[in-house]
Asker: 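I have a structure I would like to understand better, so I am pasting it below and will then ask my questions one at a time.
Bear in mind that the values here come from a model prediction, so they are computed numbers and not experimental data.
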Amino acid sequence: MLRTPDLLALFDESHRSRTVRELIDAFDALGPAKSTVVRLVATLEQRGCR
């Protein structure tokens, strides 16, 4: 199950930003639905994470 900390772990000094497509591709092997990644990104953006 994809959780917000898993998504945030993809960001570091070398990857300060990522596209939604990159995030979806990164989790493709784990099998979360595209809608799950999009929903998590939307929630983070609503809470001021950019």
Asker: Between L23 and V38, is any pair of side-chain heavy atoms under 4.5 Å apart?
Answerer: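 No - every pair of side-chain heavy atoms lies 4.5 Å or more apart.
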Asker: Donor-acceptor check, side chain of R18 to backbone of F11, threshold 3.5 angstrom: yes or no?
Answerer: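 No.
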Asker: Identify the two heavy atoms, one from R21 and one from I24, that lie closest to each other, and give their separation to 0.1 Å.
Answerer: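 The answer is NH2-CG2, 3.0 Å.
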Asker: When rounded to the nearest 0.5 angstrom, what distance separates CG in L7 from OG1 in T43?
Answerer: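 It comes to 10.0 Å.
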Asker: With rounding to the nearest 0.5 angstrom, report the CG to CD distance, L40 to E45.
Answerer: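 CD of E45 is found 11.5 Å from CG of L40.
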